[in-house]
Each structure stands twice: as structure tokens, then as C-alpha cells.
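Let me begin by presenting the structure, written as C-alpha cells, before commenting on it.
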Amino acid sequence: MIAYILCTVLAALPLLIYLRNPYFLKDLRYLVNSIYIGMRMGRINKKFYSILDCFLDKVAKHPHKKFMVFEESSYTYSQADKESNKVARALLTHAHLKEGDTVALFLGNEPRFVWIWLALSKLGCPASFLNYNIRSKSLLHCFSCCEAKVLIAGADLQEAVEEVLPTLKQEGILVFILREHCDVDGIESLSDKIQKASDEPLSPQLRANINIKTPALYIYTSGTTGLPKAALLNHERVWMATFVQTIAGVRSDDIIYMYLPLYHTAAFLMGLCGAIENGITIVLRSKFSASNFWNDCRKYNVTVIQYIGEIMRYLCNTPKRDNDKDHKVRLALGNGIRADTWTEFLDRFGNIHVCECYGATEGNIGFINYVGKVGAIGREHFLHKLGFPYALIRFDTEKEEPVRDSRGFCIEVPRGETGLFVGKIGKRTPFSGYAKNKQQTDKKKLRDVFEKGDVYFNSGDLLKIDNEGFIYFQDRIGDTFRWKGENVATTEVADHLLAVNFVEEANVYGVKVPGHEGRIGMAALKLKENMEFDSKAVYQHVKNYLPSYARPRFIRIQDALVVTGTFKQMKVKLAEEGFDPALIRDPLFYLEDNKGYIPMTQEIFSSIAEGRLRL
Ligand SMILES: *[C@@H]1O[C@H](CO)[C@@H](O)[C@H](O)[C@H]1NC(C)=O
């Protein structure tokens, strides 16, 4: 009888657990994975082991396994190793690199991006990944942030390099271009030197002083204000991002499809480094193509894809086909997918586990929605919170600052309420800040949050946590907005607008567009006295200096720009007012693709609102 009762209870136990927490098994798997990662980090800390060491171990373990497929070529782990040896030797001889010298890479997605990074790792040199869309002043600024002595550029970027060459020359920078010859004074060809170099392994002595805290990479973020900022990532931070694939459940027989730019964290850390950690095959593409996406996945037996929200929507917007579900993709890893797109994506392309992640390149704490709950960016887990303390605090969106209580401390919001996400800066959760930018680094630090002397990383993101512990993204505050997966720094755009001769003041902000993720750029301008808005001049300037995602799509002319009591520009109110000509009395302009600014009409507004005109 007792045995019978016991059996019944035991049999009912899973049901009871399930009723209390339907995510029990996934939570348990997360717990096990976290303990595994914690132990690995412990070992890595004790005896330093880099992603490069991990790569070399995989080369030894499966030299003939495919490492990378790109266009018509493919490379095994062993071939990749040899290719990078050649690059390292060419750079050692011709750039005289020493351990610790930073090298800037200005290159699109192609295998050489990876060979060069591996080569630099073999020489103990941090790599700085420049966004290949930037030009002139921004390019020089990014280059100088990381104090690189050497620049390596792709052949198709020679013009951009020549534009800033006089300054680079003045500063004694060695400039290499990935071509076989180059006649320009001050630019050396590199491809010929790589071809001639030996592929013999390099001595680990060359990188003997690298440890877990030394700089590994500089990755640029537009962060909150001004020009791009170089987030400094040490080896510890690189490892933490690398483990995202492990949490997401990537296996050693997976094949990952990578098309996002390698200079960003998503592709480089979560994609490439994670792939190395799991010893898997990468299918690399120079850029996203909606029409080739699924064909590529079928052709290369892709099982894991990376995404940003916009990409998922583009995929959903392609014409439906009979073979939409005919592929082997089982996991999608990324961030920024909206709930409606998520549901549509699953309906249309089948049973794919979408693993939405949240985190900033320079941030110290991130989340992973390992459960696959539609719409959430993460899930609270006690172990995660223990290791990575964070809070959502009350935020005043009018004053654009956290609310403080009578003692001057911040107030944690209750569950279900929106708050500013802040992560405690500590030994295990450091914030390395931005290279050569103390002011911006300090600006991301929030002090005396819950007690005197504590310091938190201010994410600038408003999040919400529901009763089940799922975390939802609500909004981004302050001086940045996201459009097409890129951060747009409002002050940088404003600086460019101010360079136009008739603009007196400029206030740049992002506005929501129905059916689109993120916010599109809009600017409120005050013109100089007795000057007219010259749409051609603004367009020419914006087109010359800003990448397409950062160009203000709408311009609003105001007699005076509204400021706060502390003379900060009001962005929230303007952003809420949007771009509806029926509601806004000020002159409004719309940037028509490849044409220029034209007066905004009700018809354009309706086309956008109804989704007939896609931005
Ligand atoms: C994909 O998988 C199929 C069946 O498993 C196999 O026949 C084919 O060769 C694979 N394709 C590639 C590019 O590896």
C-alpha cells in the first residue's frame, strides 16, 4: 500500500512540477549549463586559455573538418590555421608587430577577416574592428581611439583610406591594403606578402604575456552621444559572450550561417567565437540577401542562423513559397525580434527555436531567453542574478533621469512595471569602458544606486519583468536610437546637420514607424535668421557624411527648439509627436529614397502608416 502511494506520488511529481513551472526542464538545463560555464571560466582564469588556444585545440582535434565556407571556397580547420600563420608571418616581417600592438582592421565579411584576426591573436596583438561604413572624420576618430599603429584595409575601401591618408601619414601609421600591388605613396600592398610567407606555426612565446585581463578587441558602438566609441573587450569578456551559443544549445555537429557584419559583437563574439568554441562549421556571407537566405541554408545544410529583428521581418516579407519549411535550421540566435514577427516567422518557416538575447557590447550583464517565450528578451534565473546582480529602477522619462527617494537612492520597480536596467559593476561584472573616453565611460556609470559608493552600469534601456520572470524590452532612452540594427547617435547626426550653413540648431531623435522595429531618424531644425530651408543642400550633406541608416528621414522646421529647465533638448515629446502632418503645424519634410527632401504630405503619411511604403 505504502509502495503504491509512493509510486503514485512519484508519478505525479513531474505533473506537479510542470503545473508550478512549465519551464522547469529548460530552467534546469540552464542551471546545468551555467554551472558548466562557471567551472570552465574558473579553469580559464586559473590557467589562461584564449579563444585562439581553443581554435588551435580544435585544429588538432579535427584538422580536416570544414571550418568555413565562403562563396565557392571552403577551408578546413587546418587550412584556416595555415592561412593565419601566413598572415601572421607577413605582418611580423613587414609591420614589425610586437605583443600588445593594436592593429585596426577595415574590412568587410570575408575569410581574410578571420585569418587576420587569428594572426593578430597569434602575435598577441589586440584587433580593432572598424565599421566599414564609416568615412572621413569618424574613421579617423575611430582609428585614433584604439591607438593603433597599423591599419589593414580591404581592397574595395582604398578610396576611403586615401581620403584620410594625409593624417595617417602625418602620424606615422603603417597602412596596408589587401591587394597584390599598390602604387599609392603611403599604402603598402599586403596580399602579395601573405602569399609569399611561410605557413609554419608561430611560437606561443610571441604571446606569452597575454592574460585574461589584457585587451583582446576593440569593438565600436555608437552608444549614447557623439562619435562612435571603442568598447574595450578583454579576454574574459570575449569568453563570456562566446558562451551564449552553449546556453542556446549549439552542438558540435551544427552548421552556422553568418552574414551580419563581423565588426559587430553579434557576428564576431556570439557567432564566430562561439563557433570556434563548439568546433562547428561556419557558412560566411559578405552580406544579407533575403532572396538567397533559405537557398543557402538548404545548400549548406545550415542548422543555426543568427538574426537581428529587421532580418526576421525581411524574411517574413518575402513572397511565400511551397518549400518555406524545407530546411534543417533548428535554432535562431539573435536579438531585437518583435513578438508579431516572431509568431509569423515560426508559422511560416517551421519549428525553429528562437533564442533571443539581450546585452550591449560594452555592457556587463546580459540575458538570454533560453525558453523561447515569444516576445521576451530573457528570463530571470536565481543563479544568474546571484552571479550578475542587476535591477530595474524607476525612471523619470520627462527629466530623463532615475527617480531618487528622500535619502537619494534609486527605487527598484515592482514586477510588471517598467524600469531602467542597471547592472552592478563588480569583480565578476566589470565595465571596461571606452578607450580614450573617460567622459563617456563615466556617463555610463550610475553611482549610489542602493547604497553609498555602489556603482552600476547604466544600460539606457527600459525593461519590464513579468510575474513568470520573463524580461521584456520596452524602450531606449536618451541620446541613441536603433534603426535597421544599427545604433544611431543623435548628437553625431546633429553635429552634421549643424555643419549646413543655414542651420542654427538641430535636435535629432528617433520616431516609431508602424510595422518596423526600432525608430527612424527625425530632426527638428531651427534655421538661421532670414535663411530658407534648402532641401538640396541638406540632402547632399547628409548623403555625404552619414550612412543611410543614420540619415534623418523626416525634418521638422521649428521657430525655436524646446529645451528643458537644464537646457537639455526635449526629445521624448518630439518623438511622441511623430511625423503626422495632420497633427504637426511646423513645415515637415520627408527624405525620398535617392531623391532628397520633399514636403511631407498626408498621402505619404498614410502610405507609411498602412505599410504600403516601407522605410
Ligand atoms: C547536406 O546533407 C545531405 C544529406 O545529409 C548530404 O547529402 C549533402 O552532401 C550535404 N551537403 C553539404 C553541402 O554538405
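Order of listing sets the numbers, starting from 1, for every ligand and every atom in it.
Lys328 pairs with exactly one of Asn301, Asp254, Thr303 by the side-chain hydrogen bond (donor to acceptor under 3.5 Å, both in side chains) rule, that one being Asn301.
Using a 4.0 Å cut-off between heavy atoms, Lys328 contacts ligand 1 through its side chain alone, with no backbone atom that close.
The shortest N or O to N or O distance between Asn301 and ligand 1 is under 3.5 Å.
Atom 13 (C) of ligand 1 has as its closest protein heavy atom Lys299 O, 3.3 Å.
Distance remark: protein heavy atom not present below 4.0 angstrom from atom 9 (O) of ligand 1. Within a 4.0 Å radius of atom 2 (O) of ligand 1, the protein contributes one or more non-hydrogen atoms.
No hydrogens or angles considered: a donor-acceptor pair under 3.5 Å links the side chains of Tyr370 and Asp27. In summary, the side chains of Asp81 and Ser78 do not present any donor paired with an acceptor at a separation below 3.5 Å, with no hydrogens or angles considered. Of the N and O atoms on the side chains of Tyr549 and Asn133, not one donor lies less than 3.5 Å from an acceptor on the other residue. For the residue pair Tyr259 and Asp296, no side-chain donor N or O sits within less than 3.5 Å of a side-chain acceptor on the partner.
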